[in-house]
Amino acid sequence: AEIAGGGIDSKALAMLGVLSAIGAALRPLGAGTAGIETTFFLLILAGRVFGPGFGFVLGSTTLFASALLTGGVGPWLPFQMLAASWVGLGAGLLPPLRGRWEIVMLAGYAAVAALAFGLLMNLWFWPFVLGEGTAISYVPGAPLEENLHRLLLYSLATSMGWDVVRALTNVALILLVGPAVLGVLRRTARRA
């Protein structure tokens, strides 16, 4: 759709391939061990520079390539791809800022996006994983607020440690290498 609409040309498509390959290569560095996830900082920075449509497509292609590389293909992959796509899309929709404030905004977004990614990834299987009768299980027919409360409790009990480490990893990466990577990506965008 992006190619047909003129949002992505051949140079942007080549950049998409290169960044997807880099993101796929970065993912095994942390391999999700204790929540260390190194892919999102690249999604966020590229989505910021190349726009929301590019960030959305980059999220999907990066997670797909990473799954093929690491053998992580399973029923969770489409949900990971969609959630990562939203991370890239959101970065492209952030308000225009430059300099130090842009890095602070991107670091804050990285923290929120990492926590939201974890919550969304819990949502894909949470209704089916627990039986009824626990305080953190899905209750069919219950009010939305009650089930959201239960989902938050489930996330706190099961994955919040990984989500917080993912957030801290991406915040640190954006603060440490974000300005340099943004400069390289912007230079590439101008030349392409």
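What's counted below: heavy atoms across the whole structure, side chains too, no hydrogens, waters or symmetry copies.
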query = Quick one: does Asn170's side chain have a donor or acceptor within less than 3.5 Å of a partner on Ala111's backbone?
reply = no
request  = Determine the minimum heavy-atom distance between Leu42 and Gly23, stating which atoms define it.
outcome  = CD2-N, 3.7 Å
task = Would you confirm whether Ser66, through its side chain, and Thr62, through its main-chain N or O, come within 3.5 Å as a donor-acceptor pair?
result = no
note = What one should report as the nearest heavy-atom pair of Gly118 and Asp163 is CA-OD1, 3.4 Å
query = Between Arg166 and Leu115, does a side chain to side chain contact (heavy atoms under 4.5 Å, CB included) hold up when you go through it step by step?
reply = CA-CA 8 Å; Arg166 180 186 306 115; Leu115 294 172; over 6 Å; no
note = The complete set of side-chain hydrogen bond (donor to acceptor under 3.5 Å, both in side chains) pairs with one or both residues in residues 71-97, sequence neighbours excluded, reads Ser60-Ser85
task = List the atom of Ala83, the atom of Met121, and the distance in Å for their closest heavy-atom pair.
result = CB-SD, 4.4 Å
task = For Thr134 and Ser137, indicate whether the former's side chain and the latter's backbone hold a donor-acceptor pair under 3.5 Å.
result = yes
query = Can you name the nearest heavy-atom pair linking Val87 to Ile44, along with the distance?
reply = CG1-CG1, 3.8 Å
task = Locate the shortest heavy-atom distance separating Leu82 from Phe56; write the atom from each residue and the value.
result = CD1-CZ, 4.1 Å
inquiry  = According to side chain to side chain contact (heavy atoms under 4.5 Å, CB included), who are the partners of Val18, at least two apart in sequence or on a separate chain?
reply    = Ile22
Among Leu19, Val49, Leu89, side chain to side chain contact (heavy atoms under 4.5 Å, CB included) partner for Phe54 = Leu19
ask   = In the single-linkage hydrophobic clustering (I, L, V, M, F, W, Y; side-chain heavy atoms under 4.5 Å), do Val112 and Val165 co-cluster?
value = no
inquiry  = Membership question, hydrophobic clusters at under 4.5 Å side-chain separation (ILVMFWY): are Leu185 and Leu97 in the same one?
reply    = yes
key: Selection residues 41-55 - residue pairs positive for side-chain hydrogen bond (donor to acceptor under 3.5 Å, both in side chains), sequence neighbours left out   = Arg48-Glu102
task = Please report the closest heavy-atom contact between Leu151 and Trp126, naming both atoms and the distance.
result = N-CZ2, 3.6 Å
